[in-house]
Structure formats: structure tokens, C-alpha cells
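Dropping a structure here in C-alpha cells format, bear with me for questions.
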Amino acid sequence: MNTVESSVLKSIFGHEDFRPGQEELIDALRQGRDLLGVMATGSGKSLCYQYPAVVENSRCLVVSPLISLINDQVKKLDLSGVPAAGLHSHATPRDRHRAIERWHAGELRFLYVAPERFSDPLFIASLEKARPDYMVIDEAHCISQWGHDFRPEYQTLGLLKERLGVPFAAFTATATPLVQKEIVANLRLQKPLVRVHGFYRQNLSFSGILEGRERARLERIRDEVALEGAAIVYCSSRQRVDDLTEELKSMDLPAYAYHAGLDAKVREQTHQHFQNDARVVIIATNAFGMGVDRPDVRCVIHAQMPGTVEAYYQEAGRAGRDGLPAKCLLLHSPGDVAIQQFFIRHSVESVPAEKRETWERHKQEQLDLMRRYAYGAGCRQQSIMDYFGDVETLPKGCGRCDNCTTPDAAPVQDDTQETIRVLLSGAVRLQGRFGNTQLTDLVTGSDTAQIRRWSHDKLPTYGRLREMPKRHVQGMIQALVRQGYLRQEGLRYPVLAITDEGREVMHNRAQARLGPWQPPPGQKKKRGSKNFSPVPPAPSMRPEAPEIPGLREALRAWRLNKAREMDMPPYTLFWDRTLEELCALRPQSLDDLLGIWGIGEQKRRVFGQELLEVIATHGASGPTRG
Ligand code: ADP
Ligand code: ZN
């Protein structure tokens, strides 16, 4: 950045410096490259697309579906002396006319346009006469059919890209890798720079608590929201919103409800309270979202688990916009998963028949990741960043979430100390490539295909904790992760690695402290029961494992047979990708199966056992055979 430019940054935008990631996106745009920026809300995407037009004196057309955002941005730019205008249905015909005139006269640096405009061929023809130097597609996830915000008008933007032939910069705050691909394809971006940034919110402290008891949950909510500033409590259903609002009111809290079933007038009042009252608690469904930009929301509680990490983070991220400490608490219970599955089953009906299978699998997968987040033992902030594919990492964790800050407990007894040392050295032997299940199988001396496959029965730690129930071992491993002796990495295929603190304990140079821990509940589930095990699957799987000859063929043959039996096309039963993952990861248990792409609870229940058998028969033989 030269001096002229740094003064632009200061005088026009009021910033001393770029935030991490901003400059790279700006440079790409200045070089005329297409790009997709996935940037968390509040992380500063508008600077990325506004800066180039200002320093290059070029013209930028921004597509945005949010009228309030358009008005805000136009006002801000105008105030800084940058000519800008907005075109949307709330503007008067005169203003709209004037905006188009100014654009054609070359007077505007920015023209913000609502997507409906693009269904007007005259408007598009007029743009061809006065092309922007580049176009910005805000809220680009609206182009995705997977998302919650699908907007048909966005579908035409890909054609526009071809007609105008100018660089496109797409931005969104929420896009999983699948949605990212869809955005790139549908907007016809050419070799775009794709960057994910800004999901780390250093002032937020995340925690997740499994709380099945109604009363205890209510008390926790009360204790959290009784502080100063605004609080939002999200629930999954309108009924829950109404009930909880009543309960909190009866506790003398300034509680107001918000959901789509309420009168427009009531909703407006709730909004007013939210905007204006010094202390206020809003109890809401996910309908409470647009325009929720009060900076001093001190806490966002989820009284039930949402269906995706994406939705969770978007809602939780409404806390602490002012940069001051704020809390994000997820209160969940095993029943929450069933509620979300109910939503999935019901909403699938509105999906075209040929897309249902894929859609439902996608939703199940998303739900499974959410469940892992809820029960996860690693740094919560890091697992959210992993989920979005953020390029930043927090090698030492965020230091704020419940898993990073579980207070040190008293040092444990000598025999437990010894147990912990065995677990830690087991983790070292597994070289950071396996998860909880494999470590458990190793130390308890289990004879599984995975153990034999990697010759882990030859390791000195094999069977050292043979007398300990597996559940206890698993619970203790989770506690070691919480205390920071082991680090758990990856949300999809979590693996365990030892930390520096863990090494100190392993070499007997420090005493381990465990904190409260218990074996994970719910393993004695009835067969075929619909309840989910509250224990997150901890796959003992190794993504980069070498292939085993014959397994793929065996799985395909199994699928073909099954499909014939059930009279359906084989790929509808299981997609190739699922078979590929089974082949590569070779899950060993029903829990592991849930980590496989395309296998939800239902498929696991119906086919799980058979799949495990195919894998056990063909997967254990090892590459030496071929
Ligand atoms: P969003 O990514 O949600 O569109 P905005 O572009 O509105 O976010 O930016 C969010 C806030 O961050 C704004 O108040 C903006 O002024 C501020 N901001 C953006 N870039 C920087 C920067 N480089 N330095 C300091 N503050 C910045
Ligand atoms: Zn953390």
C-alpha cells in the first residue's frame, strides 16, 4: 500500500490498517480476478469490495437483497464523499430514475441494486451500455438451493456474468464447502480466488452444556440473561418460545417473544424493545435475524440445539458485535436431535422428488456435525473455524470456551496418574493419526480389524488398561482433551495428539489434574431405538490409509445385491462417494459409521451391521495380499 492509498484507507474508511485477509481479496479484485470471499458477519467484507473502486476511480455495481443494508451503505459512502445510490422497491420512482441517470452519466462510484431488478430485460440492456468495472454479489449463498435463503432471481446472475464479461466478486457470511462450490458454478466464476476469513471472534466465549432437565435448563437461562445489556434466547419451535417467555416473565425478567406466528404488531414491539431498552431478553425462533445488529448483545443462548453449525454460528455470532466480551451458550439435550430430524423429514416434502435423497443426506450430515460440536471436547472456536474452512488456526485454542477453560481440579490419585500416563503414551504411539476409539481399543487390548490392520497389538501400550471398561477409558480421554493434555483436531475425523503439557505428565515431570469427568452415558441403548447416543462418534479412522484391494468391489457387489433386493437403483441406496469413504476409512463400529458421508441414523440402523461385516471380511486382509 503506498502513502496515497493508506491515506484513502484512513480518510475515506477510517481504518489504520487492513484486517487479515482483506488485502488479498482487494488485490485480486484490482487485478480483475473473480473471487469468492466467505467472511463472517462483521469481519469487514464491504471494505474489500469498496476499496478497489475508490482507489482506482472505477465503478462498481453491488447486488444485495437487504434494503436496509443498501440504505446504510449508501449513506455511509455519501458521508465520506463517495458518490453512491441504491435501486430497490422502497425507493421512489423519481429516485430510481435519478440513480440510473447518474450511473449512465458516470457520476456514481457505487450502485446498489436489489436482485429483482435483474428480471427486467430493459435494466440488463441498459447495463450493457454502461458496464460496471466489476460486480459484487452480496449474500451470494442465496444462489444455493441447499441454503435457507434461496432466491430465484440470483439464478440469472450467472447469465449476466457471461453477458457483461466483467469480474465478479461474490461474498457471503455463511457457506459450507458444498455451498461454495455451488456459488462458483452458478455464478460462472472463472478461476476465482476463494478465501474463508474472519470466523474467529476473539471476544466470544462459547460453551455447550448437556442439560436434559427442564428446570435446571430454565435456571441456567435465567442466571445468564439476568446480566446487563441485551440477551437473545433461541428455541426451535414457536411453542417453546411462548412457554419460555412466560416463564422468564414470571421471574421478573424483561422478556419478549418473537416468532413468525406472532402478529406483525407484536413482532414490531419486540423489535423496538430490543433496539431501545437497556436491559432486554428476546426469546425467539430463527425468524429473529434480519436487521438484528444491536452491538451490545451480551449473550446468545440456544435453549435447544439447531440443525446446523452454520445456523448456530450465525445466531450465536449476534453476540458481542461491539467487540466486548460476550457469551454464547448452547444448552442441548438428546431429544433435540429428534426434533431436528422431524424438521428434516417434514421439509423434505417441499423438495423436488429427484433431489430428495441428496438433500436429506446433506441435512443429516449437517445435523451430525452440529451434534459433534455440541458434545465436542476440543476448542469450540477452533472447531467452528474448521467447519467453515477458515484459514486461520488457534494452535493453543481460544482460551475462552468451556473446553479451553475447564478449571484445574486437584491432582489425581497415583493409580489414576499411572492410567493417564498410559493413555498419553498410547496417544503418542498412535502418532496423532487416530481418534478416541482407536486409542481406547489400543489400551484396552481390543482385537479389532483396525488394531490388526495397523499392527497396534504390537505396541507396548496394547492392553495395558485391559481391566478398565471401555466407556471409562473414553470418558477419561475426553477429560484429558478438556484439560489440554491431549489435543483433538478436526471436526469430521477427529484425531488425538499430545500437547506439551501432556508430555510433561507422560514423562512424570508433572502431576495431571483431571477435573470432573465421567464415562459417557447412553451406550446401553436399546437396539433400534430412535434416540441418539449422546456420545459423539470418535472414529478410529485414518483418512490417508492405503487402499485394500477387493474391498471396493465387495462393497459394490453388496450394494448391487441390496439394491436388487429392494428394487431400487444402486446409487439411490448408497452413492459412490459413500462407498469410497467406506473404502478409505474402513469404520469399525456403528458409531464410526455416522462419520461417513451419506450415512445418517436411518441408514446406519438398517444397513450398519451388514456394512461392518463386509468391511471386516474384506477390509482386514491388508495390502500385502495384492
Ligand atoms: P460485514 O463483513 O458484516 O459486511 P462490515 O463490512 O460492515 O462487515 O464491517 C464490519 C465492521 O468492521 C465495520 O464497523 C467496519 O468499519 C469495520 N472494519 C472493516 N474493516 C476494518 C479494518 N481494516 N479495520 C478496522 N475496522 C474495520
Ligand atoms: Zn477454546
Side-chain angles (χ1 to χ4, degrees), residues 1 5-6 8-26 37-51 54 62 64-66 68-77 79-80 110 112 136-141 169-175 195-208 289-295 313-314 316-318 320-323 327-328 330 373 376-386 388 390 392-406 481-484 487-489 491 499:
M1 197 171 35
E5 295 190 4
S6 88
V8 166
L9 184 62
K10 182 98 183 77
S11 63
I12 307 277
F13 296 100
H15 305 320
E16 298 293 337
D17 235 319
F18 290 114
R19 284 184 179 156
Q22 282 178 329
E23 212 164 2
E24 190 187 10
L25 290 166
I26 287 170
V38 182
M39 296 181 68
T41 309
S43 62
K45 70 179 172 222
S46 37
L47 181 70
C48 297
Y49 68 76
Q50 288 172 352
Y51 186 85
V54 172
V62 185
S64 168
L66 305 174
S68 59
L69 182 133
I70 292 183
N71 291 337
D72 262 20
Q73 292 288 343
V74 168
K75 236 185 274 163
K76 260 197 209 162
L77 288 163
L79 279 178
S80 324
F110 293 95
Y112 280 78
V136 171
I137 317 298
D138 201 2
E139 310 292 333
H141 61 276
F171 286 94
T172 171
T174 71
R195 282 292 179 270
V196 183
H197 277 298
F199 285 88
Y200 176 36
R201 299 275 308 276
Q202 54 88 24
N203 60 319
L204 300 187
S205 31
F206 290 89
S207 48
M290 286 283 181
V292 175
D293 48 11
R294 180 170 169 157
Y313 201 51
Q314 190 168 39
R318 297 193 172 117
R321 288 272 166 80
D322 54 7
K327 274 191 179 177
C328 306
L330 170 63
Y373 170 83
C379 173
R380 294 193 190 270
Q381 179 78 70
Q382 180 67 60
S383 57
I384 289 168
M385 289 156 68
D386 288 348
F388 284 103
D390 196 316
E392 261 193 287
T393 54
L394 310 170
K396 297 196 155 187
C398 72
R400 285 181 169 272
C401 72
D402 52 350
N403 291 336
C404 282
T405 57
T406 308
V481 172
R482 276 198 298 277
Q483 290 298 324
R487 191 170 56 236
Q488 186 170 302
E489 289 164 348
L491 193 59
T499 62

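First listed ligand is number 1; within each ligand, the first listed atom is number 1.
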Answer whether the closest heavy-atom distance between the side chains of Cys328 and Leu204 falls below 4.5 Å.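 Yes; the side chains approach each other to less than 4.5 Å.
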Is the charged tip of Arg400 near the ring of Phe206: under 6.0 Å from the six-membered ring centre and within 45° of its axis? no
Any chance the side chains of Gln381 and Gln202 put a donor and an acceptor closer than 3.5 Å?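 Per modelled atom types, Gln381 and Gln202 side chains form no pair under 3.5 Å.
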Consider ligand 1: state whether an atom of it lies below 4.0 angstrom from any non-hydrogen atom of Arg19. yes
Is it the case that the side chain of Asn203 and the backbone of Gly320 share a donor-acceptor pair, with hydrogens and angles ignored and the cut-off at 3.5 Å?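 Yes: the side chain of Asn203 pairs with the backbone of Gly320.
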Do His197 and Phe388 have side chains that get closer than 4.5 Å, going by heavy atoms? no
Which part of Met39 is near ligand 1, with near meaning a heavy atom under 4.0 Å away: side chain, backbone, both or neither? neither
So, for atom 3 (O) of ligand 1, does the protein have a heavy atom nearer than 4.0 Å? yes
Closest approach of any protein heavy atom to atom 16 (O) of ligand 1, naming residue and atom: His15 CE1, 3.2 Å
Less than 4.0 Å between atom 13 (C) of ligand 1 and some protein heavy atom, yes or no?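 For atom 13 (C) of ligand 1 the answer is no, since every protein heavy atom stays at 4.0 Å or beyond.
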Any side-chain heavy atom of Asp138 within less than 4.5 Å of one from Leu69? yes
If only atom types and distance count, is the side chain of Asp390 paired as donor or acceptor with the main-chain N or O of Phe199 below 3.5 Å?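 Between the backbone of Phe199 and the side chain of Asp390 there is a qualifying donor-acceptor contact (under 3.5 Å).
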Quick one: which ligand 1 atoms are inside 4.0 Å of a heavy atom on Phe18?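 Contacts of ligand 1 toward Phe18, numbered from 1: 23 (N).
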Any side-chain heavy-atom pair of Thr172 and Ile137 under 4.5 Å: no
Counting heavy atoms only, name the option from Gln22, Glu139, Arg321, Gln50 that's nearest to atom 20 (N) of ligand 1. Gln22
Angular separation of SG (Cys379) and SG (Cys404) seen from the Zn ion (ligand 2), to 10°: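 The SG/SG angle about the Zn ion (ligand 2) sits at 100°.
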Any donor and acceptor pair, going by atom type alone, linking the side chain of Ser64 with main-chain N or O of Leu66 inside 3.5 Å? yes
By number and element, which atoms of ligand 1 are closer than 4.0 Å to a non-hydrogen atom of Ser46?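 Near Ser46, the atoms of ligand 1 are 5 (P), 6 (O), 7 (O).
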shortest atom 10 (C) of ligand 1-to-protein heavy-atom contact is with Gly42 O, 3.4 Å
Angle subtended at the Zn ion (ligand 2) by Cys401 SG and Cys398 SG, rounded to 10 degrees: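 About 110°, to the nearest ten degrees.
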Show me which atoms of ligand 1 lie under 4.0 Å from any heavy atom of Gly44.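 By the 4.0 Å cutoff, the relevant atoms are 1 (P), 2 (O), 5 (P), 6 (O), 8 (O), 9 (O), 19 (C).
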In terms of atom number and element, which parts of ligand 1 are under 4.0 angstrom from non-hydrogen atoms of Asp17? 22 (C), 23 (N), 24 (N)
